[in-house]
Amino acid sequence: MNYRSVKEETYLPHKHISLLGKELYLYREVTSTNSIAKHMAKYGAGEGTIVMSRSQSSGRGRMQRHWSCPPGKGLLLSMILKPEISVQFVPQFTLLTAVVVAETIKTVTGFRAGIKWPNDIYINGKKVCGILAESSFSRAKIEYLIIGLGINVNLSIHHLPPDCQDTSTSLSLELGQNVSRIKLLKQFIISWDEHIRGFLKAGHPYLRSKWIENNVTLGQNVTVNKGNHSINGLALDISEKGGLIVRLSDGSLHEYLAEDVSLRKINK
Ligand code: BTN
């Protein structure tokens with residue numbers, strides 16, 4: 001349990017630098033970079049500010065899961081966004097981040113990284129990165145959006161929890177050599193700037209085409225988990241809201257949003 005308040009944490013020793021036009025706050029250890037970024041966003045930090053830490057004591061994943069990574073072995077960062085959108089379009093930004101991460105990994109390592117809907121990144125059938133978006137809104141308008149991502153960069157097999165060793169991996173495990181975290185960070189910023197420009201100019205069609213180019217989900221048989229029952233279907237497309245369009249065995253089409261679906265199998 002960590003009793004330090006997030007406000008106090010923001011004053012922990014850190015470096016504040018500018019990198020490729022982004023304000024960057026680098027910490028050694030925090031509870032969660034998403035928590036720090038939220039606090040900074042609330043008190044005025046601008047669009048594009050990035051909070052990074054070598055380690056986190058209470059890293060968060062989706063569905064209330066814990067995200068763990070040994071110190072200095074991953075790229076753990078959160079970016080502050082303040083888009084003028086209504087809350088229903090938030091999932092588009094997580095899809096865009098998944099595109100950016102997949103392309104970043106491809107550029108830096110040469111691996112084809114694939115997006116498993118909604119926002120996990122896979123290499124060779126194993127998860128290498130997770131994305132967690134958290135937002136604050138008032139009257140359905142976004143005040144700020146925090147995009148947090150954790151890339152497993154230089155983890156060895158024994159760094160992964162035993163129950164994840166068959167399903168997760170790291171860039172170094174796949175590549176057979178360590179990967180520079182700063183190189184990844186720089187490429188992430190470059191790719192982000194490229195794709196956010198494309199998205200703001202051309203909207204959903206741009207996002208959809210980039211997402212499709214990088215995904216390993218569409219055309220796969222998926223299992224939709226809904227409460228205590230599950231439904232099988234074929235993943236067909238993504239919707240404007242960032243949902244997954246699935247065709248069920250009776251031929252009907254359904255849109256599922258992030259909370260409702262997990263995919264059972266990655267074949268590519
Ligand atoms: C998931 O796959 O469930 C999402 C994992 C997101 C983890 C990152 S690590 C940096 C940022 N800070 C957090 O507490 N979580 C995200």
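Here the structure is a predicted model, which is why all the values come from computation and not from measurement. Note that ligands are numbered from 1 as they come in the structure, with each ligand's atoms numbered from 1 the same way.
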Would you mind checking which non-hydrogen protein atom is closest to [atom], with the distance to 0.1 Å?
| atom | answer |
| --- | --- |
| atom 9 (S) of ligand 1 | Gln56 NE2, 3.4 Å |
| atom 5 (C) of ligand 1 | Trp67 CE3, 3.3 Å |
| atom 2 (O) of ligand 1 | Lys127 NZ, 2.6 Å |
| atom 3 (O) of ligand 1 | Arg62 N, 2.6 Å |
| atom 11 (C) of ligand 1 | Thr33 OG1, 3.2 Å |

Can Leu77 be reached from Ile147 by stepping across I, L, V, M, F, W or Y side chains whose heavy atoms are under 4.5 Å apart?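 Yes, same cluster.
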
Can you hop from Leu171 to Ile131 via hydrophobic side chains spaced under 4.5 Å?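 They do share one cluster, since a chain of ILVMFWY contacts under 4.5 Å joins Leu171 to Ile131.
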
Under the 3.5 angstrom rule, does the side chain of Ser252 hit a backbone N or O of Leu248 as a donor-acceptor pair?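 No, Ser252 side chain to Leu248 backbone: no donor-acceptor pair under 3.5 Å.
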
Sidechain-backbone polar pair: Ser168 side chain, Gln165 backbone, donor-acceptor under 3.5 Å: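 Answer holds: no.
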
Part of [X] with heavy atoms under 4.0 Å of ligand 1, whether side chain, backbone, both or neither:
| X | result |
| --- | --- |
| Met63 | neither |
| Ser35 | neither |
| Asn119 | neither |

Run the numbers for me: atoms of ligand 1, each under 4.0 Å from some heavy atom of [X], listed by number.
| X | answer |
| --- | --- |
| Asp120 | 2 (O) |
| Leu77 | 10 (C) |
| Ile131 | 4 (C) |
| Gly59 | 14 (O) |
| Gly61 | 1 (C), 3 (O), 4 (C), 5 (C) |
| Ser32 | 12 (N), 13 (C), 14 (O) |

Look at the aromatic rings of Tyr25 and His16 and report parallel, tilted or perpendicular, splitting at 30° and 60°.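 Ring orientation of Tyr25 relative to His16: parallel.
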
Verify the distance criterion only: is there a donor paired with an acceptor across the side chains of Ser191 and Glu103 at less than 3.5 Å?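 No pair is found: no donor N or O on one side chain lies under 3.5 Å from an acceptor on the other.
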
For the residue pair Glu9 and His39, confirm or rule out a side-chain donor-acceptor distance under 3.5 Å.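 On atom types as modelled, these side chains do not qualify, holding no pair under 3.5 Å.
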
Tell me whether Arg60 has any N or O atom under 3.5 angstrom from an N or O of ligand 1.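 Checking ligand 1 against Arg60, an N or O pair does fall under 3.5 Å apart.
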
Taking the side chain as every heavy atom from C-beta outward, state whether Lys22 and Asp193 have any pair of such atoms under 4.5 Å apart.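 They are in side-chain contact.
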
Rounded to the nearest 0.5 Å, what's the gap from CG on Asn34 to CG on Leu76? Could you check?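 CG of Leu76 is found 10.5 Å from CG of Asn34.
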
How long is the span from the OG1 atom in Thr167 to the OH atom in Tyr122, to the nearest 0.5 Å?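 Output value for this atom pair is 6.5 Å.
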
Less than 4.0 Å is my threshold; does some heavy atom of Arg65 fall inside it relative to ligand 1?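 For ligand 1, residue contact (heavy atoms, under 4.0 Å) with Arg65 is absent.
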
